[in-house]
Amino acid sequence: MPELPDVEGFRRALMSCGGRRCVTDIEVRDNGVLRGGVTEERLRGQLKGKRLGKAWRHGKWLFVPTVDGPTLVCHFGMTGSLRCCALDEPIAAHDRIVLTLDDTRTLRYRDQRKLQGVQLADKNAVDRLLEGLGPDAAGVQRTEFRELLSARRGAIKSALMDQSVIAGLGNLLCDEILWRARIHPRTPARDLSEADLRHLHTAMGRVLDTAVRTGRVPPRRSWLTGRRDDSEPVCPRCGTLLCSSRVAGRRTAWCPQCQS
DNA sequence: ATAAAGTCCTGAAAGC
DNA sequence: TGCTTTCAGGACTTTA
């Protein structure tokens with residue numbers, strides 16, 4: 001689930017319920033989600049009593065700074081989420097970390113598979129993390145977009161998925177964007193025309209706009225994403241049976257009619 | 001049992 | 001030839 005729009009949704013959830021509040025307790029229920037060498041003790045020691053600042057996002061990473069303390073850094077892998085819960089809401093099976101805020105509510109890092117997790121970072125560690133990432137997909141302008149992609153010889157889908165090129169796009173979003181721009185996912189990026197790249201950039205902007213507002217890639221029937229899990233998925237635009245195979249190591253759906 | 005929206009690592013091929 | 005870029009595949013993990 002968690003691609004850029006989902007993480008933006010988590011950020012908003014956090015700010016609406018946890019913004020500017022004090023961490024009054026921390027419970028690590030499964031230390032399998034602790035990353036970057038953080039231990040439960042260090043997490044408690046460095047977060048307890050701290051006030052949360054304004055959370056921000058870059059790509060699929062969420063950064064939650066504390067006032068006069070380290071930044072809590074979250075990545076959600078494929079199944080993670082962040083949710084704000086009442087104190088008395090029963091603990092779910094996959095609530096891995098529970099932060100109590102102002103003794104009045106809890107912020108929970110929930111994750112079924114523990115592919116990623118949370119860590120603490122100082123300014124330098126945050127900078128190092130960002131160094132490995134391209135610009136956030138939601139803010140890439142057309143010229144920069146073209147510069148980032150036009151020289152790459154690999155498949156356009158691989159390039160879009162590569163977080164060091166553009167940060168935030170995942171498997172579903174990439175397929176959705178390529179479908180909208182009518183570009184085959186295996187097309188070598190450098191073979192794309194100026195017009196192709198323009199269409200791709202426009203499609204990315206529109207898809208992200210809608211998805212960020214929704215807080216996820218919307219499962220609409222008019223979108224490719226809303227069809228890909230059908231038993232006989234067809235293109236929402238032309239009705240052709242969709243193709244499906246692996247590109248860039250991931251399950252990829254496209255329309256053989258629209259995306260030549 | 002297979003596959004899944006995430007990333008990281010390795011080894012090897014491709015390209016300059 | 002040698003360096004860089006890119007890809008495939010496996011690993012991580014849990015459950016439908």
Side-chain angles (χ1 to χ4, degrees), chain A residues 1-10 29-37 57-63 73-82 92-97 109-119 121 125 128-134 136-137 147-179 185-192 204 207-208 210-212 214-220 223-231 233 242 244-254:
Chain A
M1 185 213 301
E3 302 183 52
L4 186 157
D6 309 272
V7 180
E8 185 58 24
F10 301 150
R29 305 178 52 80
D30 187 328
N31 56 21
V33 297
L34 297 179
R35 304 281 139 156
R57 182 192 58 69
H58 189 101
K60 302 171 189 171
W61 292 85
L62 182 65
F63 300 88
V73 180
C74 307
H75 194 293
F76 300 93
M78 288 168 95
T79 52
S81 66
L82 201 60
H94 305 115
D95 285 338
R96 310 294 187 186
I97 294 180
Y109 179 86
R110 186 175 296 180
D111 191 15
Q112 179 188 104
R113 302 163 67 180
K114 296 170 279 188
L115 294 176
Q116 294 290 324
V118 309
Q119 55 186 297
R128 270 197 307 274
L129 247 170
L130 292 176
E131 267 172 30
L133 297 174
D136 186 77
E147 283 163 1
L148 288 166
L149 297 171
S150 59
R152 299 183 65 94
R153 69 185 132 93
I156 181 62
K157 173 153 180 183
S158 305
L160 289 173
M161 294 267 295
D162 188 335
Q163 301 299 298
S164 70
V165 176
I166 294 175
L169 305 181
N171 198 35
L172 295 184
L173 276 173
C174 286
D175 283 3
E176 191 68 46
I177 291 165
L178 287 163
W179 172 74
R186 281 196 224 270
T187 314
R190 65 178 169 188
D191 289 357
L192 294 174
M204 179 175 81
V207 167
L208 281 178
T210 307
V212 162
T214 316
R216 61 181 295 198
V217 185
R220 296 185 185 166
W223 286 37
L224 187 75
T225 310
R227 305 282 185 133
R228 56 187 297 154
D229 291 329
D230 293 359
S231 56
L242 296 177
S244 175
S245 78
R246 299 193 89 77
V247 177
R250 316 302 299 274
R251 184 181 153 224
T252 299
W254 74 93

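Lettering follows sequence order; numbering is per chain, from 1. Keep in mind the model is a prediction, meaning the values are calculated, not measured.
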Determine whether a donor-acceptor pair (N or O, by modelled atom type, separation under 3.5 Å) exists between the side chain of A:Arg35 and the backbone of A:Gly32. yes
Taking OP1 and OP2 of B:dG6, is either one under 4.0 Å from a side-chain nitrogen or oxygen of A:Gln163? no
So, is A:His94 near the phosphate of C:dT15, with a side-chain N or O under 4.0 Å from OP1 or OP2? yes
Which whole-number value in Å describes the distance from A:Arg35 CZ to B:dG6 P? 16 Å
What is the distance, rounded to the nearest whole Å, between atom CZ of A:Arg216 and atom C1' of B:dA5? 11 Å
My understanding is that a pair needs two contacts under 3.5 Å, Watson-Crick or G-U wobble. By that rule, which nucleotide pairs with B:dA5? none
Between A:Ala159 and A:Leu149, what is the shortest heavy-atom contact and its length? CB-CD2, 3.7 Å
Below 3.5 Å is the cut-off: list the nitrogen or oxygen pairs between protein and nucleotides 12-16 of chain B, distance only.
residue: B:dC16; atom: OP1; partner: A:Arg190; partner atom: NH1; Å: 3.3

Which part of the nucleic acid, if any, lies within reach of A:Arg250 when heavy atoms closer than 4.0 Å are counted: base, sugar-phosphate only, or nothing? base
Short side-chain N/O contact from A:Ser158 to OP1 or OP2 of C:dC7, under 4.0 Å: yes
Given that both distances must come in under 3.5 Å, which nucleotide forms a Watson-Crick or G-U wobble pair with B:dT10? C:dA8
Can we say A:Arg153 and A:Asp191 salt-bridge, meaning some charged N sits less than 4.0 Å from an Asp/Glu carboxylate O? no
Short question: side chain of A:Arg190, backbone of A:Leu192 - any donor-acceptor pair under 3.5 Å? no
From the options A:Leu172, A:Leu224, A:Val207, select the one residue that forms a side chain to side chain contact (heavy atoms under 4.5 Å, CB included) with A:Ile177. A:Val207
Judged by atom type as modelled, is there a donor-acceptor pair below 3.5 Å linking the side chain of A:Gln112 to the main-chain atoms of A:Thr79? no
Between atom CD in A:Glu8 and atom P in B:dA5, what is the gap in whole Å? 22 Å
To the nearest angstrom, how far is A:Phe76 atom CZ from B:dA5 atom C1'? 14 Å
Reckon A:Ala248 touches a base, only the sugar-phosphate, or nothing at all at heavy-atom distances under 4.0 Å? sugar-phosphate
Do A:Arg110 and A:Asp95 meet the salt-bridge criterion of a basic N to acidic O distance under 4.0 Å? yes
If I take atom CG in residue A:Leu4 and atom P in nucleotide B:dT7, what distance separates them, rounded to the nearest angstrom? 11 Å
Which whole-number value in Å describes the distance from A:Arg251 CZ to C:dA8 P? 18 Å
Among residues two or more places apart or on two chains, list those pairs meeting salt bridge (Lys or Arg N to Asp or Glu O under 4.0 Å) that have a residue in residues 164-176 of chain A. A:Lys157-A:Asp175, A:Asp175-A:Arg228
Please write out the pairs of protein N or O atoms and N or O atoms of nucleotides 9-12 of chain C separated by less than 3.5 Å, giving the distance to one decimal.
none

Could you give the CD1-to-P distance, from A:Ile177 to B:dA5, as a whole number of Å? 15 Å
Starting at CE of A:Met78 and ending at C1' of B:dA4, how long is that distance when rounded to a whole Å? 5 Å
Counting distance only, does the side-chain N/O of A:Glu3 pair as donor-acceptor with the main-chain N or O of A:Cys174 below 3.5 Å? no
Please check this pair: side chain of A:Ser158 against backbone of A:Ile156, looking for a donor-acceptor N/O pair closer than 3.5 Å. no
